[in-house]
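It should be emphasised that the depicted structure is a prediction, and the values quoted were computed from it without experimental measurement. The figures here come from the full heavy-atom set of this structure, side chains too, leaving out hydrogens, waters and symmetry mates.
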Amino acid sequence: GLACNANHRELRVIYRIVLVNKSLIKMVAASGKSGKSPRYYPAEDVKAPKPSYKVKQNAPKVRKSITPGTVLILLAGRFRGSRVVCLKALESGLLLVSGPYKINGVPIRRVSQAYVIATSTKIDVSKVDVSKFNDEYFSRANDPKVAEGEDEFFAGDAPKPAVVSDQRKADQKAVDASLLKAVEAVPMMEGYLAAKFSLSDNDRPHKMLF
Amino acid sequence: MPFTRYAEVGRIVLVNYGPESGKIATIVDIVDQNKCLIDGPESGVARQVIPFSRIALTDLTVKIQRNARAKTLKAAWAEAETTTKWEATSWAKKLSMKKKRATLTDFDRFKVMVAKKQKSAIIAKKMEELSA
């Protein structure tokens, strides 16, 4: 047989193809330390792993001004104009928000960052437990398929009355119990959250600091 | 109605335009019809030639000679208590009020609204008492 060096290493050349900036292709060739001719070659050529096209979910991008406890002004939707407390950012990038319900009627709800003004006012919500809330909690429950008879078809879509599940009500109460304490700790905060935001004649929103 | 505020050596002026706008300085020398030399060692205005269109004359003056040094000027300001006198004028108070209002947050504006309502409630109550 061949005389072999105790320290010989396999010669290996790895080509890694990395896609950079959509149109640049960088080839990185890294070669292992070449010693004497290797003793062992694999029977088949070793294929370099192909780049994975699995979608990678990054942490949601939240504006720097929005942190748990920030008072937000909702700009669109059913509760537009309401001032509301931000509880946390969910994985989808939406913000978890609560009125508190007792103060302004806004329940625990998801809200998009784009439709929100973040004020610089912050409340200490460290004692409020919102760990159980995530995007699945708010996903629509599958309604049982209603058998479509002719009468129902011609009756049209009557607005279905909103049914708030008991679980939601219980969760609301639990969160608001600790949230209200945090709100009451700040003077005039309750009245502030109860009041709605609106623009009047002399307001220049591009010059206003929030 | 003769003029009372003259553009003279020693006149305190308010800079209206430029990087030093909002600060007060003294006229130290007149250059020509349109320009003067100002200096404000106490208020942080560099000694510079500035056109009259960029400044506003105030009622205050200090006793200095033409081309006074910054050191002399500073002493003259301290003697005349210029800074305190300026801040006591309603002009200066209005300027600082505008500045403060620009920095109010949404929560501050809410507090102001509540305070205004409370004030007018007190006044209305008093008016009722007086008119009864």
A:K102 atom NZ, over 12 foreign heavy atoms within 6.0 Å: no
Whether over 12 other heavy atoms sit under 6.0 Å from A:Y137 OH: yes
Any residue of residues 112-125 of chain A which, by heavy atoms, sits under 4.5 Å from chain B: A:T119, A:S120, A:T121
Inter-chain contacts: residues 185-205 of chain A against chain B, heavy atoms under 4.5 Å: A:V186, A:P187, A:M188, A:M189, A:G191, A:Y192, A:A195, A:F197
Atom CD of A:E184 with >12 non-hydrogen neighbours under 6.0 angstrom: yes
B:Q65 atom CD: more than 12 heavy-atom contacts under 6.0 Å: no
Residue part contacting chain A, namely of B:R101, when any heavy atom lies under 4.5 Å: neither
Exceeds 12 heavy-atom contacts within 6.0 angstrom, atom CZ of A:R63: yes
Contact residues of residues 129-136 of chain A (partner chain B; heavy-atom separation under 4.5 angstrom): none
Those residues of residues 64-96 of chain A, ordered by number, that approach chain B below 4.5 Å (heavy atom to heavy atom): A:I73, A:R83
B:E129, CD: over 12 other non-hydrogen atoms inside 6.0 angstrom: yes
